[in-house]
There are 2 protein chains.
Amino acid sequence: MKHDPQNDPQGKGGTALVLLSGGLDSAVTMAWMQAAGFACVAISFDYGQRHRHELQCAATIAKAMGAIEHRVVRIDLGAFGGSALTSNMAVPKDRDVEHANDIPVTYVPARNAVFLTMAMGLAEVLQARDLAIGVNALDYSGYPDCRPEFVQAFESLANLGTKAGVEAAQRGEKWFRVHTPLMHLTKADIVRLGVRLGVDMGATTSCYDPSKTGTPCGHCDACFLRAKGFEQAGVPDVRSAHTPSPVAR
Amino acid sequence: MKHDPQNDPQGKGGTALVLLSGGLDSAVTMAWMQAAGFACVAISFDYGQRHRHELQCAATIAKAMGAIEHRVVRIDLGAFGGSALTSNMAVPKDRDVEHANDIPVTYVPARNAVFLTMAMGLAEVLQARDLAIGVNALDYSGYPDCRPEFVQAFESLANLGTKAGVEAAQRGEKWFRVHTPLMHLTKADIVRLGVRLGVDMGATTSCYDPSKTGTPCGHCDACFLRAKGFEQAGVPDVRSAHTPSPVAR
């Protein structure tokens, strides 16, 4: 059924742009925004990622969760190289991710900054002021563009660098608000929140290096953190790397 | 002749990423950066602009000026709409641009933020720390993303949101520097600077709504400001809208 924001109390908070990767965190973020009263436009990026399977997951999730719209925007971050997620560089396997304190090679230069600025542009055209991104600083602090100070800097940029932001400032208001409901949650907290919000977590993917059909590798950082999160939350993961066969939902 | 930054004193400042649109301002910016000792990588964006002729000009200029490399990155800002430069919306003609104080419909939502974040990503991969953009707040203050406060906010974002920025901060250094040599110049100042730096300004284009062969319309804001700048500088413009026939250089 098509979601009609005009006739649905879900839309009372207005329209929000939600970055939806196809992963667990962004799906829970969208559910959180919907629960907070926002009608959500989902935006996904086809940026040359080797785990392109996540784009199919994003489309499935956006539809199942009743996003008003799902936009997929192509950006050729892969042309730059510099990351294991967009080049032939190997995805690290079986790392001791809990004790690593370096920025891993799965870091994609400028990724969240580019995603957020693109979402900001679309939000401005749609006259939306709310953006949401499922970044998380706690469980995995290796990525600089997942930290609160980065998100705050982006919010300043958005309000200074747009027509909507400048016009709102002239009225003494702030236009763009960037919501990061998962910022300070552990992966186990995110799993529990997903359960409470009724997210079909089996429809999400986390693996950095899945097979062509989406089977997770079970050995990359993302697989490890997902498995640990479900385990600590005491929730079975139908998409666990340990039960890699496709599970009917 | 291929530019070799290893054997050229021009490169002593290191490598800089210069946003090169094909217009006058960005060409003068690149010449300024070269004069300051930087070897320049030019980056242009194919963003669905109706004045695509500028991309041909950018390629010509990059080659003529000895850019180490010229990258053209596709980004589909046009898919969002919301601007006269990327949609069927009419480009305003014969406006009193000097006395207008609104943000014009030629504003492209998020454009400079997206361009700068993409340049930041490429710079990080190339291990370059210097970015340059030909924004200008004086002659034409209608665009929010051409103001000093926007550029400062972007510089903060870049240093907080990248691996290079975070690692430099750990050493007590600042990584990214955004150079805006034209920020406080009038268009006449820019023309004079271009003359001094030996820029082939006839190879640049300014018009928002040129013919398919690049002939400027002579009536949009950009044509007006260019003509006024050359006139005030007392410099003939071989690409003037008033002599629209192609001029051999």
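None of the values given here were measured: they were computed from a predicted structure. Throughout, a chain's letter reflects where its sequence line sits, starting with A, and its residues are numbered from 1.
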Which residue out of B:Asp145, B:Leu122, B:Val151, B:Leu126 racks up the most heavy-atom pairs below 4.5 Å with chain A?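 Answer, by heavy-atom pair count under 4.5 Å with chain A: B:Leu122.
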Among B:Asn112, B:Val125, B:Val73, which residue has the highest count of heavy-atom pairs closer than 4.5 Å to chain A? B:Val125
Nearest heavy-atom neighbours spanning B:Pro109 and A:Gly121: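 Distance-wise, the nearest heavy atoms are CB-O, 3.8 Å.
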Taking atom CD of B:Gln127 as the centre, report whether more than 12 heavy atoms of other residues, nucleotides or ligands fall under 6.0 Å from it.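 Check fails, neighbour count at 12 or below.
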Of the listed residues (A:Met120, A:Met118, A:Arg111), which shares the most heavy-atom pairs with chain B below a 4.5 Å separation? A:Met118
For chain B, which residues from residues 155-163 of chain A lie under 4.5 Å away (heavy-atom distances)? A:Leu157, A:Leu160, A:Gly161, A:Thr162, A:Lys163
[X] versus chain B, the contacting section by heavy-atom distance below 4.5 Å:
X	result
A:Val114	both
A:Arg71	side chain
A:Glu149	both

Start with the C-alpha distance between B:Ile75 and A:Arg74, add both sets of side-chain angles, then the distance that settles side chain to side chain contact (heavy atoms under 4.5 Å, CB included), and finish with yes or no. CA-CA 7 Å; B:Ile75 309 180; A:Arg74 284 193 68 167; over 6 Å; no
